[in-house]
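To start, the structure itself, in structure tokens.
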Amino acid sequence: MAARRISSLLSRSLASSPALLSKGRRPSGGRTTGKYSTSAAVEDPITPSVKVNYTQLLINGQFVDSVSGKTFPTLDPRTGEVIANVAEGDARDIDLAVSAARKAFDDGPWPRMTAYERSKILLRFADLVEKHADEVAALETWDNGKTYEQSAKLEVPMFVRLFRYYAGWADKIHGLTVPADGSYHVQTLHEPIGVAGQIIPWNFPLLMFAWKVGPALACGNTIVLKTAEQTPLSAIYVAKLLHEAGLPAGVLNIVSGYGPTAGAALASHMEVDKLAFTGSTETGQIVLELAAKSNLKPVTLELGGKSPFIVCEDADVDKAVEMAHFALFFNQGQCCCAGSRTFVHEKVYDEFLEKSRKRAANRVVGDPFLGGIEQGPQVDGEQFKKILRYIKSGIEGGATLEAGGERFGSKGYYVQPTVFSNVKDDMTIAQEEIFGPVQTILKYKEVEEVIRRANASRYGLAAGVFTQNIDTANRLTRALRVGSVWINCFDIFDAAIPFGGYKMSGHGREKGIYSLSNYLQVKAVVTPLNNPAWL
């Protein structure tokens, strides 16, 4: 999906759905929020009418309480109030879930049914999610804080597309026949790797579920998935739909809980054959160490980023301002690949800065269930406070605050869209991942200079380049040490496009054909040939 299409989808007003809003409180009634206003859209949030029916762990096809009986609250980021209390899994629950997944893989029908049968189940699941799209989108927005327009128009359709994509791959996974020096028949088999442990983050709960569960199931594996404790609701709901579609018991197990308990137990479990993790670089290092110290299970890591967005001297400034704004502020700035270092050529810097400041000041912040809202709250109080600390650091470090810089309203975890100018490479806000609506704008003079500065980061997840010169685009594309480069666009996440990072942004690729190799073993089979007619 092109970035301009994403932007247009998110800017249109959304007609309210019966599953979304309580009676009498609909966006079509005219309630909207203006820029930087603490209106009723923030102080008196809409009550979603979607019901939270699933809060338990899902183990061996059954919803169950945790062994300890403990629960934890998942909060509405618009208010900080409790949405529901969710079963809190720990190491004992992980043991039960892994045992169910192991039995389902070793003795169950999933890896033994035809790939076409697996494909049909995934397609039925995609149809069910489409049927229940309103509920899924409402749960995602309620639990996470992202706008309902984003959830309903972008993320749920993309979720469905991803599962249809992987359903299409299920019966096209095969090995090769390999010529050898001698009278041998050599073939390779691509086998499911076994029990996959998966740990997903809170910023895109649905999409990260699809990125990980889709390829693992298409390859015939079984799964234990740990949700983020901030956003467990949508994953539990869609897992229930996946079982309705015909997924056998034990193939997908969902454990909600905290990283140091449930997450660590999954990463270090001796019966888990493969681990996939998306989250911070610091936690990724812990996960990798736990995997290595246990059974040396292979690990796919999609970690942090500090992605450069490079505006060249020939850029159309108005278009560049809008694209750079989208690259940073999308999803409340809570994107690992956000264009969080905006490098602008000195010839257009002043014009770009003034227009970026105005664009941020006009960004519409408010209740994410309202139509026309561009930015909802941050996911929780911890993230909210972290962002405000980074803003304070930027001011104290000598950067110029051009817009925002404070909380928005008095309730919930809203942060004003913030812009800094006169940012230097050695400032904390230019080096560390803020993961919030804070744009840092840096000036550069020469292409070689910006290549050097852009690459001077421990991260290497993505980059954006805005130029009308194909030679400049090609030069930067090959010089930037990142996993994705978007030319005159940003955040293009088609199902077939691989995604992953260089350096401390992780290793391995998700989505597309490359993601399948994460969940397959390659076995070479050699058979002697007696008097072959040909070799």
Side-chain angles (χ1 to χ4, degrees), residues 50-74 83-105 107-111 118 121-122 124-126 128-129 132 135-136 139-140 143 159 163 194-202 205-214 216-217 221-259 261-263 265-267 269 271-272 275-276:
V50 64
K51 303 297 182 184
V52 179
N53 294 320
Y54 306 102
T55 59
Q56 295 174 290
L57 311 180
L58 180 59
I59 297 177
N60 203 29
Q62 301 294 319
F63 283 110
V64 296
D65 293 330
S66 61
V67 173
S68 69
K70 291 182 180 179
T71 62
F72 66 91
T74 185
I83 299 172
N85 289 299
V86 178
E88 181 186 335
D90 58 23
R92 291 171 293 177
D93 302 289
I94 291 292
D95 277 339
L96 293 173
V98 172
S99 294
R102 172 56 61 194
K103 182 173 178 59
F105 184 79
D107 304 321
W110 185 249
R118 289 200 298 270
I121 290 172
L122 295 181
R124 284 198 295 269
F125 169 56
L128 281 172
V129 173
H132 295 276
E135 296 97 319
V136 175
L139 284 174
E140 188 79 336
D143 213 14
F159 180 96
F163 270 95
V195 176
Q198 301 179 331
I199 302 173
I200 61 174
W202 49 258
L206 276 174
L207 291 181
M208 295 303 100
F209 180 104
W211 285 21
K212 289 177 170 53
V213 172
L217 292 184
N221 298 283
T222 60
I223 300 167
V224 177
L225 182 141
K226 192 198 87 68
T227 63
E229 62 269 22
Q230 297 90 342
T231 55
L233 298 180
S234 59
I236 301 172
Y237 185 88
V238 295
K240 175 254 186 188
L241 296 180
L242 188 44
H243 283 80
E244 283 186 23
L247 190 74
V251 174
L252 174 64
N253 305 273
I254 306 290
V255 178
S256 301
Y258 294 97
T261 49
L266 185 59
H269 205 289
E271 288 297 317
V272 171
L275 194 67

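We number each residue from 1, following the sequence as shown. Computed over heavy atoms, backbone and side chain alike; hydrogens, waters and symmetry mates excluded.
- From T55, atom OG1 reaches atom CD of E88 across 13.0 Å, with rounding to the nearest 0.5 Å.
- Residues L58 and H243 have side chains in contact (heavy-atom distance under 4.5 Å, counting atoms from C-beta outward).
- Inter-residue side-chain proximity for P205 and D143 is flagged as unmet; no heavy-atom pair is nearer than 4.5 Å.
- Residues L275 and L266 are in side-chain contact: their nearest non-hydrogen atoms beyond the backbone lie under 4.5 Å apart.
- Remark: side-chain polar atoms of N221 are paired, donor with acceptor, to backbone N or O of A216 under 3.5 angstrom.
- Distance check, rounded to the nearest 0.5 Å: CD of E271 to CD1 of I94 gives 14.0 Å.
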- prompt: Hey, mind stepping through L217 and L242 against side-chain contact (heavy atoms from CB on, under 4.5 Å) and telling me if it holds?
  reply: CA-CA 11 Å; L217 292 184; L242 188 44; 3.8 Å; yes
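- Side-chain N or O atoms of E140 include one that pairs as donor or acceptor with a backbone N or O of L206 at under 3.5 Å.
- Ring geometry for F209 against F125 counts as tilted: the plane angle lies between 30° and 60°, on a 0 to 90° scale.
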message: Go through it in stages, so that I can follow the logic: the residues are V50 and Y237, the test is side-chain contact (heavy atoms from CB on, under 4.5 Å), and I'd like the CA-CA distance, side-chain angles, deciding distance and then a yes or no.
response: CA-CA 12 Å; V50 64; Y237 185 88; over 6 Å; no
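- A donor-acceptor contact shorter than 3.5 Å links the side chain of N253 to the backbone of I223.
- You'll find the side chain of I200 stays beyond 4.5 Å of the side chain of W211, heavy atoms only.
- Rounding to the nearest 0.5 Å places CG of L252 at 9.5 Å from OG1 of T222.
- Rounding to the nearest 0.5 Å places CH2 of W202 at 12.5 Å from CE of M208.
- With Q198 contributing its side chain and K212 its backbone, the two residues share a donor-acceptor pair below 3.5 Å.
- Annotation: side chain of T74 is not in contact with side chain of V52 (no heavy-atom distance under 4.5 Å).
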Residues S68, R92; criterion side-chain contact (heavy atoms from CB on, under 4.5 Å); working and verdict: CA-CA 8 Å; S68 69; R92 291 171 293 177; 3.4 Å; yes
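- Among R102, K103, H269, the one residue that satisfies the side chain to side chain contact (heavy atoms under 4.5 Å, CB included) test with V195 is R102.
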message: For a side-chain contact (heavy atoms from CB on, under 4.5 Å) check, start with the C-alpha distance between V238 and F159, then their side-chain angles and the critical distance, and finish with the verdict.
response: CA-CA 10 Å; V238 295; F159 180 96; 4.2 Å; yes
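- Going from atom OH of Y258 over to atom NZ of K226 covers 9.5 Å, rounded to the nearest 0.5 Å.
- More than 12 heavy atoms of other shown residues, nucleotides or ligands fall within 6.0 angstrom of atom CD in E244.
- In summary, the side chains of S66 and D93 do not present any donor paired with an acceptor at a separation below 3.5 Å, with no hydrogens or angles considered.
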